[in-house]
Amino acid sequence: NHMIIEHLLFFFLGMLSVNIAEMLTKFLVSSNNRGRNRIQGTNDKLRPKLIYYWISLLRNIFLLNNYKLIWPIIAIALIAIWHIPIIFDFATLHERVHILQHVSFIMIGACGLIAIRSLGESFMLFVLFSLIGMMGLGGLELTLVENKIYDMYSISSHNNAGNYMLISSIMLLLVGLPAYLIHRTLLHIRTKYW
């Protein structure tokens, strides 16, 4: 049960990492612009190099935005790989692979946020409906399963994880989707009339 919450936290950490990278870039650029008005010291020589390397790194990553579908493809591929039972069990048994799994969940969150930003509102609705459907069907499967899918976990663990997935799917359907639709509607109304 803790795994579902843990993995969601890693996804949110990935989204947060994208936002932090953006804030750091804005801070570095604005501090560099403010620094030009002062007398240059030794610290001022290091700042432009740091900004240059940081922006170069981000620019190389965001070059992938030319291929907008790359972000959801990466996220879907990583999710699919880690949910293959033999790979999931292997990650459970080996700590380094388990850490790699967690790092990839952070990457899924980052790729997901970039994909949503790149592909727009229609893609966000597609993601919401897909999540609701996949979590609902996956949760139903795990709730009703009588044989182990993941060998490292008991049948009751499968059933509990399925229950949590079903509850999450229903909450996303009844709370998350309407909240998103209301938010976007109000945003469109605000931009249209103001």
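Quick caveat, the model's predicted, so the values are computed rather than measured.
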- Would Leu142 and Met135 show up in the same hydrophobic cluster when neighbours are defined by side-chain heavy atoms closer than 4.5 Å? no
- Task: Could you walk me through whether Trp71 and Phe123 pass the side-chain contact (heavy atoms from CB on, under 4.5 Å) test, one step at a time?
- Result: CA-CA 12 Å; Trp71 300 114; Phe123 180 72; over 6 Å; no
- Query: After noting the C-alpha distance and the side-chain angles of Phe90 and His94, does the key distance pass the side-chain contact (heavy atoms from CB on, under 4.5 Å) rule?
  - Reply: CA-CA 6 Å; Phe90 188 79; His94 299 87; 3.2 Å; yes
- Sidechain-backbone polar pair: His83 side chain, Ile79 backbone, donor-acceptor under 3.5 Å: yes
- Message: Please check this pair: side chain of His158 against backbone of Ile149, looking for a donor-acceptor N/O pair closer than 3.5 Å.
- Response: yes
- Item | Passing option when Asp151 is tested against Leu93, Thr92, Ile86, Asp89 for side chain to side chain contact (heavy atoms under 4.5 Å, CB included) | Asp89
- Pairwise distance OG(Ser118) to CD1(Ile70) - rounded to 0.5 angstrom: 11.5 Å
- Rounded distance (nearest 0.5 Å) linking atom CD1 of Ile87 with atom CD of Gln101: 10.0 Å
- Query: Going hydrophobic residue to hydrophobic residue with side-chain gaps under 4.5 angstrom, can you get from Leu131 over to Met124?
  - Reply: yes
- Task: Give a yes or no on whether the ring-centroid distance for His102 and His98 is below 6.0 angstrom.
- Result: yes
- Note on the structure: In terms of heavy-atom contacts, Ser104 and Leu78 come closest through O-CD1, 3.9 Å
- Task: Using the rule that two of Ile, Leu, Val, Met, Phe, Trp, Tyr join whenever any of their side-chain heavy atoms come within less than 4.5 Å, decide whether Ile114 and Phe12 are in one cluster.
- Result: yes
- Query: Any sub-3.5 Å donor-acceptor pair from Ser17's side-chain atoms to Gly14's backbone N or O?
  - Reply: yes
- Using the benzene-type ring in the case of Trp, are the ring centres of His7 and Phe11 under 6.0 Å apart? no
- Is there a donor-acceptor contact under 3.5 Å from the side chain of Ser157 to the main chain of Tyr153? no
- Message: Could you measure the distance from the CG atom of Leu166 to the CG atom of Leu144? Nearest 0.5 Å is fine.
- Response: 8.0 Å
- Message: Are Phe10 and Ile81 linked, directly or through intermediate hydrophobic residues, by side-chain heavy-atom contacts shorter than 4.5 Å (ILVMFWY only)?
- Response: yes
- Query: Under the 3.5 angstrom rule, does the side chain of Asn163 hit a backbone N or O of Thr143 as a donor-acceptor pair?
  - Reply: no
- Message: Between Phe105 and Leu8, does the side-chain contact (heavy atoms from CB on, under 4.5 Å) criterion hold? Intermediate values first, please.
- Response: CA-CA 8 Å; Phe105 286 155; Leu8 284 174; over 6 Å; no
- Message: I'd like to know whether Leu119 forms a side-chain contact (heavy atoms from CB on, under 4.5 Å) with Leu69, so could you lay out the CA-CA distance, the side-chain angles of the two residues, the decisive distance to 0.1 Å, and finally the verdict.
- Response: CA-CA 8 Å; Leu119 298 170; Leu69 289 178; 4.1 Å; yes
- Message: With a 4.5 Å cut-off on side-chain heavy-atom distances among I, L, V, M, F, W and Y, is there a chain of contacts connecting Phe88 to Met152?
- Response: yes
- Spacing of Ile106 atom CD1 and Met15 atom CE [to the nearest 0.5 Å]: 12.5 Å
- Is a side-chain donor or acceptor of Thr185 paired with a backbone partner of Leu181 at a separation under 3.5 angstrom? yes
- Item | Residue pair Ala91 / Trp82: nearest heavy atoms and the distance that separates them | CB-CZ3, 3.9 Å
- Nearest-0.5 Å distance, CG of residue Asn19 to CG of residue Leu113: 6.0 Å
- Query: Does the Tyr180 side chain pair with the main chain of Leu125, one donor and one acceptor, at a distance under 3.5 Å?
  - Reply: no
- Starting at CG of Leu177, measure out to CG of Leu128 and round the result to the nearest 0.5 Å. 5.5 Å
